[in-house]
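As the structure lists them, so they are numbered: ligands from 1, and atoms in each ligand from 1. Excluded from the calculations below are hydrogen atoms, water molecules and symmetry mates; all remaining heavy atoms, backbone and side chain alike, are included. Everything numeric here is computed off the predicted structure, so don't read it as measured data.
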Amino acid sequence: MRGEFEKVDAAAAMLAARVPSPPTVALVLGSGLGDYADTLEGAVAVDYADIPGFHASTVSGHAGRLVFGERAGVRIAAMQGRIHAYEGHDAATVVFPLRTLWRLGARTLVVTNAAGGANPGFVPGDLMCITDHLNLTGTSPLVGENDERFGPRFPDMSEAYSKRLAAIARAASADAGFVLRSGVYAGMLGPAYETPAEVRMVQRLGGDAVGMSTVLEVIAARHLKMDVLGLSCITNFGAGLSDAPLDHAEVKEVASRVRSRFVALLDGVFAKLGVAS
Ligand code: HPA
């Protein structure tokens with residue numbers, strides 16, 4: 001991994017020269033959830049294509065730009081779209097943008113995704129606060145030589161998702177008048193959706209939602225000692241829990257249908273973070 005830190009440094013230096021002030025929060029916007037970045041105040045956008053070491057996502061629903069702006073006085077760097085390991089990137093490349101935002105100053109990660117419901121009590125359109133995860137991707141961004149400038153060889157994962165931030169999200173959902181589910185996110189490599197047997201496996205392992213992102217970013221964030229809030233938009237019943245075949249158009253459609261609740265949740269979280277800081 002030698003050289004990764006220097007590459008992160010170069011990307012952060014380029015961005016520092018382009019943005020008015022450094023972010024305190026990195027916000028990753030998943031499939032169909034990217035619009036939130038357009039609501040930030042004083043937004044300045046930079047295309048991934050213009051940032052050294054960044055790669056554009058090849059997935060529809062992922063715009064591929066960083067938007068710097070503010071909400072409730074909180075300085076946010078929003079990733080409109082992310083890259084995934086299933087696109088052919090190694091895990092370190094997947095987390096490169098996150099490490100760059102940390103290098104710029106972000107110490108909190110708010111990570112969002114679209115996910116299938118493995119918990120039979122969940123229905124499409126539910127929002128879920130991630131309490132923990134299962135990394136079932138078979139890889140990690142920390143494989144290889146460790147660079148102590150990022151963090152320790154063996155980072156602690158016992159509170160991967162901050163209880164303090166989860167409580168803030170629960171309070172924000174109560175203020176907005178809807179129920180926020182909570183549960184364990186199972187991160188798969190993809191890109192094929194799971195088989196019904198795999199969804200049953202996830203259930204038996206204690207998973208409530210299943211998706212193809214987030215876990216690598218959260219491992220890298222904990223390595224960097226960032227506090228993490230994870231939010232899933234349940235866009236479909238997991239495979240085998242309904243008769244309907246799974247498809248990405250449905251995922252994007254449901255994610256955009258819950259837009260107003262998702263915006264209210266994030267706005268509420270940032271309002272409380274703004275007061276707390
Ligand atoms: N499985 C994996 N990833 C997903 C799903 C799913 O059912 N829905 C949205 N992203």
Step by step, would you call Asp247 with Tyr193 a side-chain hydrogen bond (donor to acceptor under 3.5 Å, both in side chains)?
-> CA-CA 9 Å; Asp247 97 291; Tyr193 289 115; over 6 Å; no
Is it true that Arg103 and Asp9 make a salt bridge, defined as a side-chain N closer than 4.0 Å to a carboxylate O?
-> yes
Here the gap from Arg99 atom CZ to Leu224 atom CG, rounded to the nearest 0.5 Å, amounts to 6.0 Å
In the protein, what heavy atom is nearest to atom 3 (N) of ligand 1, and what distance, to one decimal place, separates them?
-> Gly211 CA, 3.4 Å
Using the ring of Phe270 (Phe, Tyr or Trp, six-membered ring only), decide whether Arg71 places NZ or CZ under 6.0 Å from its centre and within 45 degrees of its axis.
-> no
Within-cut-off N or O pair, Gly116 and ligand 1, under 3.5 Å | yes
What atoms of ligand 1 come closer than 4.0 angstrom to any heavy atom of Leu246?
-> 7 (O)
So, the side chain of Gln80 versus the backbone of Gly34: is there a donor-acceptor pair under 3.5 Å, distance only?
-> yes
Find all atoms of ligand 1 within a distance of less than 4.0 Å from any non-hydrogen atom belonging to Thr235, and give their numbers and elements.
-> 8 (N), 9 (C)
Should you measure from each heavy atom of Asn236, which atoms of ligand 1 turn up under 4.0 Å away?
-> 5 (C), 6 (C), 7 (O), 8 (N), 9 (C)
Under 4.0 Å from a heavy atom of Ala115: give me the atoms of ligand 1 that qualify, with their elements.
-> 5 (C), 8 (N), 9 (C), 10 (N)
Short list, please: which atoms of ligand 1 are under 4.0 Å from a heavy atom of Ala114?
-> 9 (C), 10 (N)
Ligand 1 to Glu194 polar contact by distance, N or O atoms, under 3.5 Å | yes
Test item: Asp208 side-chain N/O and Val184 main-chain N/O as donor-acceptor pair under 3.5 Å | yes
